[in-house]
Colleague: 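Below is the structure I would like to discuss, written out as structure tokens.
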Amino acid sequence: VTGVQSCALPILMIGKLMGHAQFSNSNYEWPFSIKPLTPHLGAEIDGVNLSEEMSPETLDGIHRAFLQYQVLLFPPQEVPPAQQVKLAQCFGEVQIHVMNQYHADGFPELYRLSNLNAEGKPNGKHPDRGTLEWHTDGSWQRVTGHATIIYGEVMPEPGQGGQTHFCDMYGAYERLSDDWKKRIANLRAIHNLDFSRTRRHGEDPMTEDQRKAVPPVDHPIVRTHPETGRKCLYLGDHAEYVVGMPYEEGRALIEELNRLSIHPDLTYEHDWQIKQLIVWDNRCLLHKATSYDPHTQSRVIRRCTVLGEVPV
């Protein structure tokens, strides 16, 4: 069997078998070329063909890099839709997104955001303005997003917008004052896709069936990463209110923490090239897209989100 579908173990399972203590990379020899993108997060990996079978050593290296750098960038290469799904399956169970109008290429695991019409021209509509706000994928489910894998099919011209930004939530938590850390230590927030969708994209709301399929869920505001053991903030645009707190007071707290979370020196701002692929860790990052002119610029991405675990 060829292709990444033959990987012996999902990356998530490899990590669980190895255990936290073995993820020190100080004396580790990477099986590919790796170059940090910023001093704090992000790395570009070269020398991995995503359309070929990957050895256990390569999978182990990708997992180590994923935990250390949080955002992994692979240089432009052909990754057909079926191969993207197979790659995602190496990380674990792939989400079937409740917003089924975005499913793509005959694969319910794929989620395409496009502003092109049937003739391949910009249609003037942003496919999902919620992506322009800082968020983490899948926080509106009980079992939340683990990894997201995005492939750039079509991108705006250089300098015309459509970037993707990432910000480190380990660092965001560590930079909070002791008073803030004590204040939020045991708080839980309600995450609600209907709340964020209606707020950002009210002209295209969720259907009643979609709402029923994903009722609001509560998660800790301070999350412990299940593999690294590090604490991080876990909020973003899907977080609606705080359990046990008056609604408006909880909204104000969430908005303030979301603002406090973003530090320029803990952020990586990615300018896309066509056919690049990015993998990131939803458990310790917020991300967002930047705006572009949907009347004149074209942008098409396809995404897989891998399910992880219930946050603790």
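None of these values were measured; they are calculated from a predicted model.
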Colleague: Under a 3.5 Å threshold, yes or no: a donor from one side chain and an acceptor from the other, between Thr58 and Ser55?
Modeller: yes
Colleague: Should the pair Trp140 and His238 be assigned to parallel (<30°), tilted (30 to 60°) or perpendicular (>60°) ring geometry?
Modeller: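 If you compare the ring of Trp140 with that of His238, the planes turn out perpendicular.
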Colleague: Verify whether one side chain among Asp168 and Gln70 offers a donor that lies under 3.5 Å from an acceptor in the other.
Modeller: yes
Colleague: To the nearest 0.5 Å, tell me how far Leu72 CG sits from His63 NE2.
Modeller: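 Going from CG on Leu72 over to NE2 on His63, the span is 10.5 Å.
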Colleague: Taking NZ, NE, NH1 and NH2 as the nitrogens, is one of them in Glu227 or Arg283 under 4.0 Å from a carboxylate oxygen of the other?
Modeller: yes
Colleague: Closer than 4.0 angstrom, basic N to acidic O: yes or no for Glu109 and Lys86?
Modeller: no
Colleague: Using a 4.5 Å cut-off on heavy atoms from C-beta on, say whether the side chain of Glu203 contacts that of Arg129.
Modeller: yes
Colleague: Tell me whether Asn117 contacts the main-chain N or O of Lys121 through its side chain, where contact means a donor paired with an acceptor under 3.5 Å.
Modeller: yes
Colleague: Can you see whether Tyr151 has Arg303 sitting over its ring - NZ or CZ less than 6.0 Å from the centre and within 45° of the normal?
Modeller: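 Because its charged atom misses either the 6.0 Å distance or the 45° angle limit, Arg303 does not stack over Tyr151.
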Colleague: In the hydrophobic clustering that connects Ile, Leu, Val, Met, Phe, Trp and Tyr at side-chain heavy-atom distances below 4.5 Å, which members other than Tyr247 occupy its cluster, ordered by chain and number?
Modeller: Ile190, Phe195, Tyr241, Val243
Colleague: Locate the shortest heavy-atom distance separating Leu286 from Trp134; write the atom from each residue and the value.
Modeller: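 It is O-CZ3, 3.5 Å.
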Colleague: Kindly say whether the aromatic ring centers of His287 and Trp280 come within a distance under 6.0 Å.
Modeller: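 Yes, the ring centres sit under 6.0 Å apart.
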Colleague: Could you give the distance from CD (Gln163) to CZ (Phe166), rounded to the nearest 0.5 Å?
Modeller: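 Reported to 0.5 Å precision, the distance equals 10.5 Å.
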Colleague: Other residues, nucleotides and ligands only: do more than 12 of their heavy atoms fall within 6.0 Å of CD on Glu29?
Modeller: no
Colleague: Parallel, tilted or perpendicular: which describes the rings of His270 and Trp272, with under 30° parallel and over 60° perpendicular?
Modeller: perpendicular
Colleague: Only counting residues at least two apart or in another chain, list the ones meeting side chain to side chain contact (heavy atoms under 4.5 Å, CB included) with Val300.
Modeller: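 Here the qualifying residues are Arg112, Ser114, Leu116, Glu153, Val154.
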Colleague: Find the distance between CG (Leu73) and CD (Gln273) and round it off to the nearest 0.5 Å.
Modeller: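 It comes to 8.0 Å.
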Colleague: Give a yes or no answer on whether the side chain of Arg299 reaches the backbone of Ser291 with a donor-acceptor pair at less than 3.5 Å.
Modeller: no
Colleague: Closer than 3.5 angstrom, by distance alone: can the side chain of Gln77 be matched with the main-chain N or O of Leu50 as a donor-acceptor pair?
Modeller: yes
Colleague: To the nearest 0.5 Å, how far apart are OH in Tyr170 and CG in Leu233?
Modeller: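 The distance works out to 12.5 Å.
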Colleague: Would you mind checking if Arg183 and Asp178 are paired as a salt bridge, meaning a charged N to carboxylate O distance below 4.0 Å?
Modeller: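 No salt bridge links Asp178 with Arg183.
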Colleague: If the threshold is 4.0 Å, N to carboxylate O, is there a salt bridge linking Arg199 and Glu133?
Modeller: no
Colleague: For His126, which residues count as a ring pair (Phe, Tyr, Trp, His ring centres under 6.0 Å) partner, sequence neighbours excluded?
Modeller: Tyr292
Colleague: For residues 257-266, dump all side-chain donor-acceptor pairs below 3.5 Å to protein atoms at least two apart in sequence or in another chain.
Modeller:
unit_1	atom_1	unit_2	atom_2	d
Asn258	OD1	Gly236	N	3.0
Asn258	ND2	Gly236	O	3.4
Asn258	ND2	Ile254	O	3.4
Ser261	OG	Leu257	O	2.7
His263	NE2	Leu260	O	3.0
Asp265	OD1	Arg175	NH1	2.9
Asp265	OD2	Arg175	NH1	3.3
Asp265	OD2	Arg175	NH2	2.7

Colleague: Can you confirm whether Lys181 is buried at NZ, in the sense that more than 12 heavy atoms of other residues, nucleotides or ligands lie under 6.0 Å from that atom?
Modeller: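 Yes, NZ of Lys181 has more than 12 neighbouring heavy atoms, counting only those of other groups under 6.0 Å.
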Colleague: For the pair His219 and Tyr234, name the ring-plane relationship: parallel under 30°, tilted 30 to 60°, perpendicular over 60°.
Modeller: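 It falls in the perpendicular class, over 60°.
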Colleague: Please list, chain by chain and in numerical order, all residues satisfying ring pair (Phe, Tyr, Trp, His ring centres under 6.0 Å) with Tyr173, sequence neighbours excluded.
Modeller: none
Colleague: Could you tell me whether the side chains of Ser177 and Asp179 share a donor-acceptor contact shorter than 3.5 Å?
Modeller: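 Judged by distance alone, the side chains do not pair up.
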Colleague: Passes side chain to side chain donor-acceptor pair (under 3.5 Å), Ser196 versus Asp237? Steps please.
Modeller: CA-CA 6 Å; Ser196 55; Asp237 203 53; 5.1 Å; no
Colleague: Can you tell me how far the CD atom of Glu93 sits from the OG1 atom of Thr305, to the nearest 0.5 Å?
Modeller: 12.0 Å
Colleague: Is the backbone of Ile301 close enough, under 3.5 Å, to the side chain of Tyr111 for a donor and an acceptor to pair up by distance?
Modeller: no
Colleague: With sequence neighbours excluded, what pairs up with Asn100 under the side-chain hydrogen bond (donor to acceptor under 3.5 Å, both in side chains) test?
Modeller: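 In terms of side-chain hydrogen bond (donor to acceptor under 3.5 Å, both in side chains), with neighbours along the sequence ignored, Asn100 is linked to Gln210.
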Colleague: For the atom pair CG (Leu67) and NE2 (His225), what is the distance rounded to the nearest 0.5 Å?
Modeller: 6.0 Å
Colleague: Could you tell me whether Arg197 and Asp204 make a salt bridge, using a distance below 4.0 angstrom between a side-chain N and a carboxylate O?
Modeller: yes
